[in-house]
Number of protein chains: 2
Amino acid sequence: MKYSYQYPHPSVTVDCVVFTVQNNFLKLMLIQRGAEPFIGEWALPGGFVRIDESIESAASRELKEETGIENIYLEQLYTFGKVDRDPRERVISVAYYALVSSEEQIIAADTDAASAKWFPVDELPRLAFDHKYIIETAYRRLQGKLSYQPIGFELLPPKFALSQLQSLYEIILNKKLDKRNFRKKIQKTGLLADTNETQKGVSHRAAKLYTFNKEKYDILAKNGYYFEI
Amino acid sequence: MKYSYQYPHPSVTVDCVVFTVQNNFLKLMLIQRGAEPFIGEWALPGGFVRIDESIESAASRELKEETGIENIYLEQLYTFGKVDRDPRERVISVAYYALVSSEEQIIAADTDAASAKWFPVDELPRLAFDHKYIIETAYRRLQGKLSYQPIGFELLPPKFALSQLQSLYEIILNKKLDKRNFRKKIQKTGLLADTNETQKGVSHRAAKLYTFNKEKYDILAKNGYYFEI
DNA sequence: ACAAAAGTGTTTGTTGTACACCCATGC
DNA sequence: GCATGGGTGTACAACAAACACTTTTGT
């Protein structure tokens with residue numbers, strides 16, 4: 001008990017809602033708790049913010065430590081601070097949401113594979129703390145942002161077919177989209193660059209692959225451009 | 001030094017960016033610091049989150065204590081947690097933004113009037129900590145939300161004229177809007193209720209006064225309706 | 001009667017929506 | 001040659017944008 005203060009201080013943690021799209025399902029990663037409280041229950045990856053790291057660094061670090069995932073899209077979601085959200089002590093949690101490409105979904109080898117798992121958002125187990133509520137908030141935010149920020153690409157491999165992109169939108173927004181209109185709209189942004197490649201190993205006509213031109217988007221965005229789909 | 005922990009804990013504060021519209025300017029409230037660090041400089045109202053109150057309660061409480069303002073629109077903005085944002089110790093700040101009607105702008109009598117003041121957003125003094133950055137974030141958020149959430153009404157008295165509402169949009173978005181198109185659009189939402197009153201004491205044709213039908217909006221919003229202006 | 005702001009419609013261009021068939025490829 | 005998804009255009013409706021004059025009221 002080396003650290004003393006004149007007034008009580010809360011603990012500050014980060015919790016990460018990591019989304020991916022896998023086999024036509026939107027999924028998120030949970031880990032099984034190995035310690036009290038809520039031992040054995042599923043929870044979001046996360047942990048304490050250290051005194052010498054920024055909150056975002058803490059989120060990246062915990063993600064890497066607990067799931068092996070690194071270098072992904074990570075954005076602050078909301079800060080949850082109800083007095084009794086942790087039964088032990090006062091804990092304020094800064095939640096982040098993260099997006100992982102379907103290619104990098106593999107939980108790294110240095111992780112206890114039994115304890116980290118992808119769950120479809122509609123088939124979540126019982127969750128520790130207020131994590132159910134955090135996930136609902138993250139899901140709503142993802143749905144909202146998808147339509148007016150180019151974040152869908154973060155969930156795809158660097159080279160992707162238009163049908164993959166459309167399917168991703170349909171899965172997350174939970175509604176069918178018109179193929180021709182979707183293509184028209186996304187092409188009209190001018191943000192997709194044609195690679196001269198096509199899909200490999202499919203048993204039908206191979207689709208053209210595109211990449212998202214992030215540099216072009218960043219320049220446009222700086223000048224007031226608004227992505228919308 | 002009665003409170004001891006095994007690991008160092010950060011302090012958690014709230015900071016509030018309180019907006020109002022006054023004399024055709026978007027303004028926000030600052031208080032002059034009476035203590036170190038940054039003594040004498042201007043800063044956002046705010047303070048420490050107590051161990052037994054939620055973060056939002058802390059924001060309301062500090063606002064009332066420091067500025068006399070209460071019962072206003074208050075929404076979490078972002079959590080700022082760079083390691084060195086406070087020169088004394090590690091402080092994580094959960095920022096809120098608040099909207100005050102132009103009628104309630106008066107800084108309450110129980111406040112040291114010399115120390116709290118409204119500043120136009122484009123004429124801010126030098127600010128303590130990273131408060132300049134927090135304000136920029138809040139301003140961008142306000143501009144963004146104004147177009148797709150009915151928050152403009154929070155900055156007006158309960159009964160208002162359409163020209164007041166338009167002027168508010170023009171001031172915050174910083175661009176001229178077409179009067180006829182604006183009126184058409186806002187009337188078509190069906191969310192304004194006609195009071196049978198008109199402006200008093202104006203030296204020209206008196207405008208009709210309307211109220212915003214929040215109940216109706218809440219019901220529509222629950223069923224997927226999206227406000228847009 | 002004049003100053004000041006309130007109030008009101010129409011036209012034109014742009015964007016969204018609905019919709020069905022041929023094409024390329026692997027087996 | 002057939003099954004599978006890839007790729008394409010047009011017509012119609014809805015919405016956004018541009019634009020100017022009359023009305024009401026107080027002084």
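Reminder, nothing fancy here: chain letters follow the sequence lines and each chain counts from 1.
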Cut-off 3.5 Å, no hydrogens considered: what does the side-chain donor-acceptor table look like for residues 147-164 of chain A, sequence neighbours left out?
{"unit_1": "A/Lys159", "atom_1": "NZ", "unit_2": "A/Glu197", "atom_2": "OE2", "d": "2.4"}
{"unit_1": "A/Gln164", "atom_1": "OE1", "unit_2": "A/Ala161", "atom_2": "N", "d": "2.8"}

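- Legend: residues meeting side chain to side chain contact (heavy atoms under 4.5 Å, CB included) with B/Phe25, ordered by chain and number and at least two apart, are B/Lys27, B/Pro120.
- For DNA chain D, the span of nucleotides reached by chain B at under 4.0 Å from its heavy atoms goes, 5' to 3', from D/dA17 to D/dG26.
- A heavy-atom distance below 4.0 Å to DNA chain C is reached by these residues of residues 152-167 of chain B, ordered by number: B/Ser163.
- The OH-P distance, from B/Tyr210 to C/dA6, rounds to 12 Å in whole Å.
- Atom CG in B/Leu28 sits 9.0 Å away from atom CZ in B/Phe119 (nearest 0.5 Å).
- Every salt bridge (charged side-chain N to carboxylate O under 4.0 Å, His left out) that B/Lys145 has, sequence neighbours left out, goes to B/Glu75.
- Between the CD1 atom of A/Ile229 and the NZ atom of A/Lys188 there is a distance of 9.0 Å, given to the nearest 0.5 Å.
- Distance OG1/B/Thr67 to NZ/B/Lys117: 16.0 Å, rounded to 0.5 Å.
- Within residues 192-205 of chain A, the residues having any heavy atom under 4.0 Å from DNA chain C are, by residue number, A/Val202, A/Ser203, A/His204, A/Arg205.
- Legend: residues meeting side chain to side chain donor-acceptor pair (under 3.5 Å) with A/Ser60, ordered by chain and number and at least two apart, are absent.
- With values rounded to the nearest 0.5 angstrom, A/Phe19 atom CZ is found 7.5 Å from A/Leu99 atom CG.
- With sequence neighbours left out, the side chain to side chain donor-acceptor pair (under 3.5 Å) criterion links A/Asn181 to A/Asp178, A/Lys184.
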All N/O pairs under 3.5 Å across the protein-nucleotides 15-17 of chain C interface:
{"unit_1": "C/dT17", "atom_1": "O4", "unit_2": "A/Lys184", "atom_2": "NZ", "d": "3.4"}

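- Legend: residues meeting side chain to side chain donor-acceptor pair (under 3.5 Å) with B/Asp218, ordered by chain and number and at least two apart, are B/Lys214.
- Looking at DNA chain D, the stems built from 3 or more consecutive Watson-Crick or G-U wobble pairs, each pair with its key distances under 3.5 Å, are C:1-27 with D:1-27.
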Between side-chain atoms of residues 134-141 of chain A and protein atoms elsewhere (two or more places apart, or another chain), which donor-acceptor pairs fall under 3.5 Å?
{"unit_1": "A/Glu136", "atom_1": "OE2", "unit_2": "A/Lys132", "atom_2": "NZ", "d": "3.3"}
{"unit_1": "A/Thr137", "atom_1": "OG1", "unit_2": "A/Tyr133", "atom_2": "O", "d": "2.9"}
{"unit_1": "A/Arg141", "atom_1": "NH1", "unit_2": "A/Leu77", "atom_2": "O", "d": "3.2"}
{"unit_1": "A/Arg141", "atom_1": "NH2", "unit_2": "A/Gln76", "atom_2": "O", "d": "3.4"}
{"unit_1": "A/Arg141", "atom_1": "NH2", "unit_2": "A/Leu77", "atom_2": "O", "d": "3.0"}

